[in-house]
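Written out below as C-alpha cells is the structure these notes cover.
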Amino acid sequence: MAAAKIRWSELDEDDGGDGDGLDFLLPPPVVVGPDENGLKKTTHYRFDDDGSKVKVATTTRVVKLARTRLSKSAVERRSWAKFGDAAAGDDASARLTVVSTEDIFLERPRAPGSKADEPSASSDELATANRGTALMVCRSCGKKGDHWTAKCPYKELVDTLDRPPTSDGPAALNDPAKVSYVHPRRRTDAVYHDGGHDMRRRNDENSVRVTNLSEDTREPDLLELFRSFGPVSRVYVALDQRTGSSRGFGFVNFVQREDAENAISKLNGYGYDNLILHVEWATPRPSN
Amino acid sequence: MRPILMKGHERPLTFLKYNRDGDLLFSCAKDHTPTVWYADNGDRLGTYRGHNGAVWSCDVSRHSTRLITGSADQTAKLWDVKTGKELFTFRFDAPARSVDLAIGDHLAVITTDSFMGNMPTAQVKRIAEDLQDQTEESALVISGITGRINRAVWGPGNRTIITAGEDATIRIWDSETGKLLKESDKEVGHQKAISSLSKSLDWSHFLTGSLDKSAKLWDARTLTLIKTYVTERPVNAVDISPTLDHVVIGGGQDAMNVTMTDRRAGKFEAKFFHKILEEEIGGVKGHFGPINALAFNPDGRSFSSGGEDGYVRLHHFDPEYFNIKM
C-alpha cells in the first residue's frame with residue numbers, strides 16, 4: 001500500500017491519509033450519539049484498494065465505567081502533606097517509586113488436562129522434532145540438537161561410567177535406557193520395544209548405508225532426500241580427513257525400521273546428482 | 001500487569017498492611033522506618049521515624065488515624081498516621097514481634113520474643129482514645145508458649161486471641177481470662193514454624209503459612225483444619241483475597257541460601273491458589289529474594305508483596321484475573 005511509503009514524520013500533516021491525497025473527495029465522517037443507551041454511530045468513508053468509495057458505519061456502545069468508590073476520608077487523605085523522609089525532597093522521593101518496565105503476568109500452571117496428554121503426544125512430537133534437529137544428535141549422550149558427538153560435554157562421563165547421564169525432553173523418551181525412570185506408558189508408547197539396548201546398537205539397527213554419492217553431496221542434502229520417508233535421527237557423510245571432500249558414502253539412521261526399509265526399496269538405484277545411488281542396510285560394525 | 005516498584009526500604013521487608021479503605025499501604029522493614037504509601041500509584045506519603053530496630057509488624061486503626069508498630073528495639077509505638085508523629089511508646093523487656101488491633105481499636109495484642117531468659121508473651125494493651133489516659137499497663141499477659149510467637153491476632157468478636165509461632169501450633173486463648181481454649185491438632189497441623197497468619201474478611205477463618213512449605217486454612221472458632229495448600233517453598237507470607245476465592249502465598253528459600261542458587265530455583269513468586277479447590281491458579285514473579293510480606297488491597301483489585309530484596313511491588317490485577325475459571 002502507498003501508505004507504507006509515507007514517512008511517519010509527515011503523517012501529522014497528512015492526517016494519516018492514504019497517500020493518494022484524494023481524501024478530500026470523501027464526505028466528512030459523521031458521529032451520532034451516544035444516545036441514552038450509550039450507542040454511538042460513527043460513519044466515515046474511505047477508498048478501498050480499487051479506488052471505489054466505501055462507507056464504513058460503526059456502532060459502538062459507550063459504557064461509563066463506574067468509578068471506584070472512594071470514601072470521603074480517603075479523598076481527604078489524598079491531599080495530606082507529606083511527612084517524615086517523604087517531606088524532605090520531592091526529587092529523591094519520586095525516584096523511589098517506579099513502574100516496572102517488565103510486564104508481569106499471572107503465570108498459569110499447566111492446565112490439569114495437558115499433563116496427561118503429554119506422553120501420548122510425545123511420540124508424534126518426537127517425529128516432528130526430529131525433522132528439525134535430526135542432524136544434531138549426540139551419539140554418546142543421546143541429546144538432540146544440542147551438540148555434536150565430538151563435542152559432547154558428557155563424553156568422559158560416558159566413557160568412564162559407560163552410562164550416560166539422564167537427558168531431559170524428547171531425547172529421554174527416545175532412549176528408555178538412559179533415564180532412571182520411564183513411565184510405563186511411555187515405555188510401551190516408545191518407538192523401540194527393545195528398551196535397554198544401547199543407543200549405538202539401536203542406531204545401527206535402522207542404519208542405512210548410502211554409497212555412490214557425488215562429491216558435492218553433504219549431510220543436509222541427504223537429510224532432504226531421506227526425511228520424506230520418515231523421521232531421521234542421524235545423517236552422516238564420510239569426509240576425507242585431508243581434503244575435506246566427500247568420500248562418496250554416508251549413513252542415514254531412521255527412527256522407524258519400516259521407514260528405513262521403505263527408503264531402501266525406493267532409493268536403491270535412484271539417480272541422484274548424475275550418479276546411481278546404492279542404498280542398503282548398513283552392516284553393524286564388528287567393534288560394536 | 002506492570003507492577004509498581006517501591007524502593008523505600010533499605011533492608012528486607014517484614015510486613016505490609018492496607019488501611020480499611022485500601023488507599024494507604026503501610027510497610028515495615030528491618031530498617032527502622034515504617035513507611036506509608038498511596039496504594040494506587042505507589043507515591044510515598046510519609047515515614048514514621050523513631051524506632052531503633054527492625055520493625056516487625058504494624059496495624060492501622062479503622063479510621064486510619066493511628067498506627068501501631070512493633071519493633072525489635074523492645075518497643076511498640078503508636079503513631080499519628082497523618083503527620084508521622086510518635087504518640088506513645090510501650091516498652092517491653094524483649095523485642096515486640098506482632099501487633100494487632102482489636103475491633104473498635106481499644107485493645108491491641110502485642111507479642112514479645114523470648115529474650116535474655118524471658119518467655120515469649122502475648123500482651124493485651126488498652127489503647128486510650130485520649131492520649132493523656134494512655135498507660136503502658138498490660139490488661140492481660142498470655143505466656144506459657146515455647147518458641148517465638150510470630151503472629152497473634154484477635155479472634156471473632158474480640159473474644160479470643162489466636163497465636164501462632166515457631167512451635168508450629170496454633171492456639172486460641174480467651175481474651176478475657178487468658179485461658180487456653182484450643183490447640184491445633186499436631187497430626188494435621190503444621191510441621192514447622194508458622195511464619196504468617198492472615199484473617200478472612202469476616203474473621204470466620206484464617207490462613208497460616210509455615211516453613212513446612214504449606215499454608216493451611218482454619219476455622220477461627222473451632223480451629224478445625226479446612227484446607228491445605230501445598231507449595232514447594234517455605235511459606236513466609238499469606239493473604240486471603242477479600243473478593244474472590246483466592247489465597248496468595250509467598251515465600252522462598254531461606255535468605256541465607258539465596259545467593260547460592262539461581263533465581264528460578266529460589267521460587268520467589270507469589271503463588272495464587274483457589275481457596276476451595278486448593279488448586280494453583282498461577283504465580284507472579286518479580287522479587288529477587290524471598291517474599292516476606294503479602295497483602296491484598298481490601299478492594300481485591302490489587303495486591304502488594306514485600307521481599308527480602310527490599311522492594312515493595314504493588315500489582316494491579318489485569319482484567320483477565322477476574323475471569324479466571326478453574
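Computed over heavy atoms, backbone and side chain alike; hydrogens, waters and symmetry mates excluded. In what follows, chains carry the letters A, B, and so on, assigned in the order in which the sequence lines appear, proteins first and then strands, with residues in each chain numbered from 1.
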Which atoms form the tightest heavy-atom contact between [X] and [Y], and what is the distance?
X	Y	result
A/Arg108	B/Lys325	NH2-O, 4.0 Å
B/Asp21	A/Ser71	OD2-OG, 2.9 Å
B/Leu5	A/Ser100	CD1-CB, 3.5 Å
A/Thr97	B/Trp37	OG1-CZ3, 3.7 Å
B/Pro3	A/Glu102	CD-O, 4.0 Å

Among [options], who wins on heavy-atom pairs under 4.5 Å with chain A?
options	value
B/Met1, B/Met6, B/Lys7	B/Met1
B/Tyr321, B/Tyr48, B/Phe272	B/Tyr48
B/Leu45, B/Val284, B/Val81	B/Leu45
B/Ile324, B/Asp318, B/Thr83	B/Thr83

I'd like to check [X] versus [Y] (side-chain heavy atoms, cut-off strictly below 4.5 Å). Are they in contact?
X	Y	value
A/Ile104	B/Arg313	yes
A/Val98	B/Ile4	no
A/Asp85	B/Thr35	no

Nearest 0.5 Å please: distance from the [atom1] atom of [X] over to the [atom2] atom of [Y].
X	Y	atom1	atom2	answer
A/Glu107	B/Glu280	CD	CD	10.0 Å
A/Lys82	B/Tyr38	NZ	OH	7.0 Å
B/Lys285	A/Phe105	NZ	CZ	12.0 Å
A/Ser73	B/Arg20	OG	CZ	8.0 Å

Taking everything shown except B/Glu129 itself, do over 12 heavy atoms lie less than 6.0 Å from its CD?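 No, CD of B/Glu129 has 12 or fewer neighbouring heavy atoms, counting only those of other groups under 6.0 Å.
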Could you tell me whether B/Lys227 atom NZ has more than 12 heavy atoms of other residues or ligands within 6.0 Å of it?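 Check passes, neighbour count above 12.
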Carboxylate-amine/guanidinium contact A/Arg78 B/Asp40, below 4.0 Å: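 Counted as a salt bridge, because a side-chain N and a carboxylate O are separated by less than 4.0 Å.
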Does A/Phe83 form a side chain to side chain contact (heavy atoms under 4.5 Å, CB included) with B/Val36? I'd like the steps, not just the answer. CA-CA 10 Å; A/Phe83 59 89; B/Val36 58; 3.7 Å; yes
Full working for side chain to side chain contact (heavy atoms under 4.5 Å, CB included) between B/Ser64 and A/Arg77: CA-CA 9 Å; B/Ser64 309; A/Arg77 283 194 286 270; 3.4 Å; yes
Residue part contacting chain A, namely of [X], when any heavy atom lies under 4.5 Å:
X	value
B/Val312	neither
B/Arg2	both
B/Asn41	both
B/Leu24	side chain

